[in-house]
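Input: a single structure, listed below in structure tokens.
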Amino acid sequence: MRKRSQIAIASVGLMAGLAFTPIASAKENKRTVQETYAGEIEFQGQSIAKKTAKFLHRRVLQQRATQLVTWAMPMMNFETLYPALLSNLKTSNGLDLSDDDIFFGLYDGYDGVYPFMTANVTTPYTLAMSDLSKTGPVVVDLPPGAIYGVIDNAWMQPIHEIEGKPGKLLLVGPGQNYPKNFDGKIIQSDTFRVLYFYRALGTGDEAKKLRTAVKAYKLSEAANPPKTQFIRYTPKPGDKIALNTQPRDMRFWELVNAYVQREPMADRDRFFYAWLKDLGIQKGKPFKPTAYQKEILQQALDVGMAMSQAISFNKTRNMFPTSLYGKDSGFEDAMAGMDPKIDLPTYSMFNERASYGFEATTTSAGMVSRTPGKGSAYLGGYYDADGNALMGGNNYVLNVGPKPPAANFWSITVYDIKNRLIIRNDQRRSGRSSRTEGVKTNADGSVDIYFGPKAPKGKEGNWIQTNEGQSFFVYLRLYGPEQAYFDQTFPMTPIKKIN
């Protein structure tokens, strides 16, 4: 009985406490402000203030849209490249090409390779792109001979390496049917857009003939395939030139939307698609962003492009442990230590993909080969020895030490920072190499390469002209990199500013 009375008294006391709790004091209503990297965050007690919540909702969209820019880097390269190929060949040759045609473009020399990010003028390019959703499966018939290249999906991931072996390849898009008795190799792509690119190695007429010996046609035309088109890109003065550089306005997001509508979603991208949905991009729905969304998207693009450049041109050992060459050489591995497969057993590469995608187009296993004497290596120099940007109005020198570790040859190429394209100048050249006639070698076997608006007297053959008001960067390419490159024992020194 006593116990029951105690419970009753306690219950009454509790109810009394609930009934007569006074209204929160002024102290409890106190507003506090927390300083954060995102700005001031205001609380009422422990609750986010309404105006701060609104501010944070905007920050969420801005931050997610900014990361979507870096996410889209490699895909954006091919989304710009495909229409550029069509437009440029139409303009230069007056052809009526459409996105269901099969053709190869032939791109050579200073003008021919200009539209492509970080292209190299020392070797010719032969490339094609197909939208398998328009063409259906495509047959690529490789002849005997030294033809090497790659087939990439829409994210610049290699899905097949072309390694000098003859035979037929059948490029098949997501969900497409194909004959199970096809006499060749099936290349199943996880995207409809594919790029197929190759080089015919060798010299003279033999290499020239081999270059156009490849055949490509729609599977639907296999019974009577048409002659494969090889179209040389020869821009004329005044031609409008389409570039594969990522746009910096709403066209960027329009291309992202075009990709989302055309291609199946990769499982790794589910959360990114959720972010896109909040910004007005959703599969099966028109992209009609509100004024608010447009503002967010443009703000994010401005920051995202700057972040992508920071990731690409200012690599850190924390983010890219193996990418800085030597201790203080000023040069970085342009591939950023990337495995072109991207999707590794425990994670998918993000930083590496964003870094390389900002400045270059196409990947292959050969570009990251660790076998001495095979493949190629790319070292980028983006700042001078004092850590300042390379500016076209200044004069600089780069000393390439004796016996660079390249089994085949080495080259230096200059690119403009804004578009990552070979520099345009009155000199009409963007590079020098160990194969270039007129390049002078120092007594110790090293070579000095000069950059600036005017040639140093007596050094004209070693000079690449730069433009005042335009910042630039430099690639050192090693073809057939040797062990001294992989060990980083070959001494590289920074680009030095001179008077």
Side-chain angles (χ1 to χ4, degrees), residues 78 81-82 85 89 100-108 113 116 120 123-132 135-154 156-173 176 178-233 340-341 361-369 371 374-376 408 479-480:
F78 280 5
L81 179 59
Y82 185 70
L85 296 178
L89 290 178
D100 65 349
D101 287 325
I102 307 294
F103 60 88
F104 286 96
L106 304 176
Y107 305 90
D108 300 87
V113 305
F116 311 134
N120 184 11
T123 50
Y125 289 77
T126 306
L127 62 88
M129 286 191 78
S130 290
D131 184 341
L132 300 176
T135 64
V138 169
V139 179
V140 179
D141 192 349
L142 301 170
I147 290 180
Y148 290 83
V150 69
I151 301 172
D152 282 350
N153 69 8
M156 297 202 303
Q157 291 173 280
I159 55 176
H160 181 74
E161 302 285 338
I162 299 172
E163 299 177 316
K165 298 177 181 178
K168 292 181 180 180
L169 308 174
L170 181 61
L171 313 185
V172 180
Q176 291 183 329
Y178 60 90
K180 299 301 185 281
N181 61 348
F182 177 75
D183 183 21
K185 186 169 184 177
I186 308 299
I187 310 300
Q188 178 66 64
S189 175
D190 54 357
T191 63
F192 287 109
R193 286 263 174 96
V194 291
L195 173 139
Y196 31 119
F197 155 78
Y198 65 86
R199 287 176 176 147
L201 302 186
T203 58
D205 292 338
E206 181 181 353
K208 184 177 180 181
K209 183 178 180 181
L210 187 60
R211 187 181 185 188
T212 56
V214 174
K215 298 177 182 178
Y217 49 87
K218 300 173 187 177
L219 177 64
S220 61
E221 299 174 331
N224 186 26
K227 183 179 179 181
T228 303
Q229 294 188 81
F230 288 88
I231 308 168
R232 186 170 298 280
Y233 177 54
K341 293 194 298 288
T361 301
T362 74
T363 61
S364 70
M367 296 172 71
V368 295
S369 170
T371 303
K374 302 292 184 182
S376 50
N408 300 319
Y479 291 93

Heavy-atom side-chain contact between [X] and [Y] under 4.5 Å:
X      : Y      : value
Arg232 : Asp108 : yes
Val194 : Leu132 : yes
Leu106 : Pro124 : no
Leu81  : Met129 : yes
Gln229 : Ile102 : no

Discussion item. Is it the case that over 12 heavy atoms from other parts of the model lie below 6.0 angstrom from the CD atom of Glu206?
Written reply: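 Counting other residues, nucleotides and ligands, CD of Glu206 stays at 12 neighbours or fewer.
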Discussion item. Can you confirm whether the side chains of Ser130 and Arg193 place a donor and an acceptor under 3.5 Å from each other?
Written reply: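 No, no side-chain donor-acceptor pair sits under 3.5 Å.
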Worksheet item: Only one of Leu195, Val150, Thr191, Ile151 clears side-chain contact (heavy atoms from CB on, under 4.5 Å) with Ile159; which?
Response: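 Exactly one pass, corresponding to Ile151.
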Worksheet item: Hey, which of Ile162, Asp141, Ile147, Thr126 is the one that makes side-chain contact (heavy atoms from CB on, under 4.5 Å) with Val214?
Response: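 For Val214, the side-chain contact (heavy atoms from CB on, under 4.5 Å) test succeeds with only one of Ile162, Asp141, Ile147, Thr126, which is Ile147.
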Worksheet item: Tell me the ring pair (Phe, Tyr, Trp, His ring centres under 6.0 Å) pairs involving residues 206-225, sequence neighbours left out?
Response: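 The answer is none; no pair qualifies.
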Worksheet entry | Rounded distance (nearest 0.5 Å) linking atom CG of Asn153 with atom CD1 of Ile187 |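 Asn153 atom CG to Ile187 atom CD1 measures 12.5 Å (nearest 0.5 Å).
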Worksheet item: From Thr362 OG1 over to Phe197 CZ, what is the distance, rounded to the nearest 0.5 angstrom?
Response: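 Nearest 0.5 Å value for the OG1-CZ distance: 5.5 Å.
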Could you tell me which non-hydrogen atom of [X] sits nearest to which non-hydrogen atom of [Y], and how far apart they are?
X      : Y      : value
Leu219 : Pro179 : CD2-CD, 3.6 Å
Ser364 : Pro158 : CA-CG, 3.8 Å
Pro340 : Thr363 : CB-OG1, 3.8 Å
Gln176 : Gly136 : NE2-CA, 3.8 Å
Ala128 : Phe104 : CB-CD2, 3.6 Å

Worksheet item: Looking at residues at least two apart in the chain, or sitting in another chain, which of them share a ring-ring contact (aromatic ring centres under 6.0 Å, His included) with Phe192?
Response: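 Checked Phe192 against ring-ring contact (aromatic ring centres under 6.0 Å, His included); zero matches.
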Discussion item. Before we go on, tell me: are the rings of Tyr148 and Tyr198 under 6.0 Å apart, centre to centre?
Written reply: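 That pair fails the under 6.0 Å test.
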Item to complete: May I ask you to check if Lys180 and Phe182 form a cation-pi contact, with NZ or CZ under 6.0 angstrom from the six-membered ring centre and within 45° of the axis?
Response: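 Pair Lys180/Phe182 does not count as cation-pi.
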Item to complete: Please determine if Arg211 forms a cation-pi arrangement with Phe230, meaning its NZ or CZ atom is less than 6.0 Å from the six-membered ring centre and no more than 45° off the ring axis.
Response: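 Negative - Arg211 is either too far from the ring of Phe230 or too far off its axis.
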Practice prompt. Please check if the side chain of Thr228 supplies one atom and the backbone of Ala216 the other of a donor-acceptor pair under 3.5 Å.
Written response: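 Yes, because the side chain of Thr228 sits within donor-acceptor range (under 3.5 Å) of the backbone of Ala216.
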